[in-house]
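Below is one structure, written out as structure tokens; the observations come after it.
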Amino acid sequence: SPLTIKGILGKNAASQNGVSKPFDINEIQVLNYSFFNRKSIVTSRKFGSVRKNIAFSWSSRGCSFSCAYCSNNELKQTLKYGVRYRNIDFLLEEINEIKERYNCEGIFLSDENFLFNKKHYCQFAEKYLHNKVGIPFGFLTRPEHICHKNIEYLKQLRKSGWTWVSIGIEIGNQEKR
């Protein structure tokens with residue numbers, strides 16, 4: 001069984017299989033990109049009729065939801081952790097390094113759900129604008145966060161450089177998936 005391989009996570013197997021507990025993600029302040037070549041960091045994506053070179057980063061790890069089909073749910077139950085957030089100053093320093101080192105034209109934040117924590121994303125938007133990062137960014141979220149009740153927060157994100165979003169839509173009905 002693959003579950004006998006150290007570090008492989010499976011239902012109820014993580015604790016006895018060498019999967020380590022998550023560490024404080026702010027122990028690593030800024031990742032060292034000096035030994036990566038451009039192709040391993042930057043990818044070309046099409047936005048309308050324009051191609052842009054973007055890189056990926058993240059501002060949090062984990063997920064606040066408990067979807068039965070998702071590995072995050074198993075990690076949460078087995079390893080007893082929830083969402084962990086990066087220090088925004090460290091994140092912005094990292095984004096600036098990626099931008100300068102690799103001539104990047106955009107950043108995509110690959111958090112499970114960037115818009116889940118208003119305090120976190122508002123702080124990000126404010127500092128992103130204040131630090132004049134100067135390149136657009138996008139993120140992953142769920143549909144319920146792109147709504148009228150959040151319009152002022154979304155405007156703040158837009159003002160800071162938000163230009164695109166990827167939305168995950170789940171449905172429990174097996175026949176409609």
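Note that the coordinates shown come from a computational prediction; the quantities given were computed from them, not determined experimentally. Every heavy atom of this structure was used, including side-chain atoms; hydrogens, water molecules and symmetry mates were not. FYI, the numbering just counts along the sequence from 1.
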Fill in the blank from the handout: The salt bridge (charged side-chain N to carboxylate O under 4.0 Å, His left out) partners of Glu126 (sequence neighbours excluded) come to none

Handout entry: Hydrophobic cluster identity match, Leu154 and Ile107, side-chain contacts under 4.5 Å
Key = yes

Practice task
With sequence neighbours excluded, give me every salt bridge (Lys or Arg N to Asp or Glu O under 4.0 Å) pair touching residues 132-148.
Solution key: Arg142-Glu144, Arg142-Glu170

Exercise for the section: Locate the shortest heavy-atom distance separating Asn26 from Gln29; write the atom from each residue and the value. Expected result: O-CG, 3.8 Å

Practice task
Determine whether Phe90 and Leu31 make a side-chain contact, defined as any pair of heavy atoms from C-beta on separated by less than 4.5 Å.
Solution key: no

Completion exercise
Across all chains, not counting sequence neighbours, the salt bridge (charged side-chain N to carboxylate O under 4.0 Å, His left out) partners of Arg51 are none

Practice task
Taking Asn131 for its side chain and Val133 for its backbone only, find out whether a donor-acceptor pair lies under 3.5 Å.
Solution key: no

Exercise for the section: Please round to the nearest 0.5 Å and tell me the distance separating atom CG of Asp24 and atom CG of Asn87. Expected result: 10.0 Å

Exercise for the section: Begin with the C-alpha distance, continue with both residues' side-chain angles, and end with the deciding distance and a verdict on ring pair (Phe, Tyr, Trp, His ring centres under 6.0 Å) for Phe124 and Phe137. Expected result: CA-CA 11 Å; Phe124 173 84; Phe137 66 89; 5.1 Å; yes

Practice task
Working to the nearest 0.5 Å, report the span between CH2 of Trp58 and CZ of Arg84.
Solution key: 7.5 Å

Completion exercise
The side-chain contact (heavy atoms from CB on, under 4.5 Å) partners of Ser60 (sequence neighbours excluded) come to Val83, Tyr85, Asp111

Problem - Any Ile98 side-chain heavy atom under 4.5 Å of Glu94 side chain - result: yes

Problem - Validation row: Leu140, Phe114 side chains within 4.5 angstrom (heavy atoms) - result: no

Practice task
Quick one: which residue pairs count as a side-chain hydrogen bond (donor to acceptor under 3.5 Å, both in side chains) with a foot in residues 146-167, not counting sequence neighbours?
Solution key: Lys118-Asn150

Problem - Test item: Asn53 and Arg38 side chains (from C-beta on) under 4.5 Å apart, heavy atoms - result: yes

Exercise for the section: Using the rule that two of Ile, Leu, Val, Met, Phe, Trp, Tyr join whenever any of their side-chain heavy atoms come within less than 4.5 Å, decide whether Ile135 and Val30 are in one cluster. Expected result: no

Exercise for the section: Spell out, as yes or no, whether a donor-acceptor pair under 3.5 Å connects the side chain of Glu105 to the backbone of Lys52. Expected result: no

Problem - Distance in Å, His120 NE2 paired with Leu115 CG, rounded so as to fall on 0.5 Å steps - result: 10.5 Å

Fill in the blank from the handout: In this structure, SG of Cys122 is separated from CG of Leu157 (nearest 0.5 Å) by 6.5 Å

Completion exercise
Residues at least two apart in sequence or cross-chain that pass side-chain contact (heavy atoms from CB on, under 4.5 Å) with Gln123, listed by chain then number, are Ile88, Lys127

Problem - side chain to side chain contact (heavy atoms under 4.5 Å, CB included) assessment of Tyr102 paired with Tyr33 - result: CA-CA 10 Å; Tyr102 301 107; Tyr33 286 90; 3.7 Å; yes

Exercise for the section: Look only at the side chain of Ser110 and the backbone of Ser57, and say whether a donor-acceptor pair between them is shorter than 3.5 Å. Expected result: yes

